[in-house]
Q: 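This is the structure I want to talk about, given as C-alpha cells.
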Amino acid sequence: MTTTDRTAPRTGLLTVDGATLHHEVRGEGPLLVMMPGGSADAGIYDAIAADLADRWTVATFDPRGYSRSPLDGPVTEQLPATHADDIVRLIEVLSPDGSPAALFGSSSSAVVALDVLARHPGRVSRVVAHEPPVVGLLPDPEAGRALFAAVRESFRRDGVAAAMTTMAEGLAPARGEDRADPEPTAFEAEAEAEAEAEAEAEAEAEPTARDPESIAPEPAAMAPEPERAAPEPAAPASSPQEKSQEKSQETPPEMPPAQAEVFRRMHANLPVFLEHVLCSFSGYAPDLAALKDSSAHLVVGVGRDSRTLLPAVAAEALARRVDARVAEFPGGHIGLTEDPRAFAARLRDVLLAP
C-alpha cells in the first residue's frame with residue numbers, strides 16, 4: 001500500500017440504533033478508533049489519523065446527531081452509554097474477526113471511552129482517555145455540575161457566544177492553586193478570544209439567535225478545533241486581559257477549503273453539544289469497580305498546559321481511584337489541535353507502551 005493509499009480515507013455509513021454513522025478508515029494493521037469530543041467530528045483527526053495509519057487501521061467518525069451522522073428522529077438528550085454502544089457496533093463491523101481495538105477519546109468522547117471499557121472490556125486492547133471531565137470526581141463536584149449547567153443556561157438564554165464566555169470564565173484552576181505564571185493557559189485564552197470574537201460578530205449581524213450559519217465559526221470550549229495555520233504573533237500587551245482582547249480582534253487566517261468545511265460543520269454542531277451533550281456527559285458517573293478491574297488497559301491522558309484546569313483535575317482523580325496510568329500529552333485540553341504532529345507522536349508512544 002502506497003503512502004497515498006494508506007492516508008486516503010475510505011468512507012462508509014453504519015446503521016446503528018436510532019442513527020446512521022458516517023465513518024472513515026485509513027491504513028492497515030490493528031484497529032484504532034479515534035473518537036471526537038465536544039462539537040467535533042471525524043475531520044478533527046485528519047492530520048493525526050494520517051500519521052498513525054502506518055501502524056494501525058485508523059477509524060474516525062461523526063458522532064450521532066453531528067455533521068454527516070443524522071439521527072432517525074429529533075435530537076434528544078444524549079447519553080454516554082448510547083454513544084458507547086455505537087463504538088462497540090463500529091468495532092464489530094471493522095474488526096469482524098473479534099480482535100480488540102484500541103480507543104482514543106478526548107474530553108466528552110473520553111467519557112464514552114470509559115463506558116466502553118467498563119461495559120465491554122473484551123472489545124478493547126487499550127483505552128486512552130484524554131481529560132474526561134467527570135465532575136463527580138472533583139474535590140467539589142457540585143461546583144463542576146453548576147458550571148456546566150450555567151453554560152447550558154447561557155446558551156438557552158443568549159446563544160453560543162454567551163455559553164462560551166461562561167465556560168471560559170468558569171474554567172479557572174480547579175485545585176485552588178495560584179499559578180506561578182499569571183498568563184492564561186492556551187485553553188482559557190482561546191475560549192475567551194473566540195467568545196469575544198463571536199460576540200462582536202453577533203452584535204454586527206441581524207439577530208438570528210442560534211442559527212449556526214449566521215455567526216462566525218468557533219470551537220466549543222470543550223471541543224477541539226480543526227488544525228489551522230498559526231496567526232501572526234500579536235504585539236506585546238501590558239496584561240493577559242489586553243492580550244486576549246488583541247487576539248479577539250485579529251483576522252482569522254485563511255484555511256484551505258477542506259479545513260474550512262470541517263470548521264463549518266463543527267460550528268453547526270455546537271447547539272447540539274451545548275444543549276444535549278455537555279451536561280449529561282460531564283455528569284457521567286463512571287463504574288469505578290469495573291474500570292479498576294480493567295485498569296491495565298486504561299491510560300488517562302492529561303495536557304501538559306492544563307493540569308490545573310477542571311477536566312485534567314477530574315481525570316487525574318479518576319486515575320487515582322482506579323489505579324490507572326497517567327500520561328502527559330503536549331499542549332492543553334485541546335492539545336490535539338494545538339500541535340497535531342507532536343500529539344500524534346505521543347499517542348503512538350502511549351499505544352505501543354507495554
Side-chain angles (χ1 to χ4, degrees), residues 36-41 63 65-67 71 74-78 107-108 133 135 138 140-174 184-226 240-252 263-283 309-311 332-334 337:
S39 65
D41 64 21
Y66 281 8
S67 300
L71 298 170
V75 62
T76 58
E77 191 71 359
Q78 297 297 293
S107 193
S108 58
V135 298
L138 289 170
D140 186 353
E142 288 307 313
R145 295 187 185 99
L147 167 61
F148 293 127
V151 172
R152 183 169 64 179
E153 182 56 32
S154 291
F155 166 68
R156 290 172 172 174
R157 185 180 60 248
D158 299 315
V160 170
M164 289 288 292
T165 299
T166 303
M167 180 84 77
E169 292 174 348
L171 286 170
T185 66
F187 178 54
E188 293 171 306
E190 184 71 14
E192 291 174 1
E194 293 288 353
E196 292 169 5
E198 177 146 350
E200 292 175 3
E202 286 185 331
E204 295 173 358
E206 291 295 323
T208 53
R210 278 180 244 169
D211 177 7
E213 301 302 327
S214 69
I215 46 182
E218 60 163 281
M222 298 293 290
E225 64 172 316
Q241 291 79 11
E242 289 174 348
K243 290 179 180 179
S244 180
Q245 290 170 1
E246 286 180 0
K247 183 174 182 180
S248 71
Q249 295 168 3
E250 294 171 1
T251 301
F263 202 67
R264 185 198 64 76
R265 293 197 311 260
M266 286 176 49
H267 181 264
N269 294 333
L270 279 168
V272 176
F273 169 71
L274 292 168
E275 178 65 42
H276 299 289
V277 174
L278 176 63
C279 290
S280 55
F281 279 54
S282 62
L309 299 183
L310 181 155
H333 187 68
I334 55 172
T337 66

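In this chain, numbering begins with 1 at the start of the sequence shown.
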Q: Just jot down the ring-ring contact (aromatic ring centres under 6.0 Å, His included) partners of Y66, sequence neighbours excluded, or say none.
A: none
Q: With rounding to the nearest 0.5 Å, note down the distance linking CD in E153 to CD in E275.
A: 9.0 Å
Q: State, with a plain yes or no, whether a side-chain heavy atom of S154 is found less than 4.5 Å away from one of L274.
A: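 No, too far: nothing below the 4.5 Å cut-off.
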Q: Does the side chain of V272 reach to within under 4.5 Å of the side chain of S39, using non-hydrogen atoms?
A: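 Not in contact.
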Q: Which distance, rounded to the nearest 0.5 Å, do you find between the CZ of F155 and the CZ of F273?
A: 11.0 Å
Q: When you compare the side chain of M167 with that of L278, does any pair of heavy atoms fall below 4.5 Å?
A: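 With C-beta onward as the side chain, the pair touches.
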Q: Compare every heavy atom of L309 with every heavy atom of L171, then report the nearest pair and how far apart it is.
A: O-CD2, 3.3 Å
Q: By side-chain hydrogen bond (donor to acceptor under 3.5 Å, both in side chains), which residues pair with R152, not counting sequence neighbours?
A: none
Q: Just how far is it from atom CG of D140 to atom CZ of R145, taken to the nearest 0.5 Å?
A: 9.5 Å
Q: Apply the test side chain to side chain contact (heavy atoms under 4.5 Å, CB included) to residues T76 and Q78: give CA-CA distance (whole Å), side-chain angles for both, the deciding distance (0.1 Å), then the verdict.
A: CA-CA 6 Å; T76 58; Q78 297 297 293; 4.2 Å; yes
Q: Using every non-hydrogen atom in the two residues, find where S108 and P133 come nearest and quote the distance to one decimal.
A: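 Heavy atoms only, the tightest pair is N-CD, 4.2 Å.
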Q: Quick check against the 3.5 Å criterion: does D41 have a side-chain atom that pairs as donor or acceptor with the backbone of P36?
A: no
Q: Nearest heavy-atom pair of T166 and L147: which atoms, and what distance?
A: O-CD1, 3.8 Å
Q: Calculate, to the nearest 0.5 Å, the distance between atoms NE2 and CZ belonging to H276 and F281 respectively.
A: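 Nearest 0.5 Å value for the NE2-CZ distance: 12.0 Å.
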Q: Not counting sequence neighbours, which residues clear side-chain hydrogen bond (donor to acceptor under 3.5 Å, both in side chains) with S282? List them please.
A: none
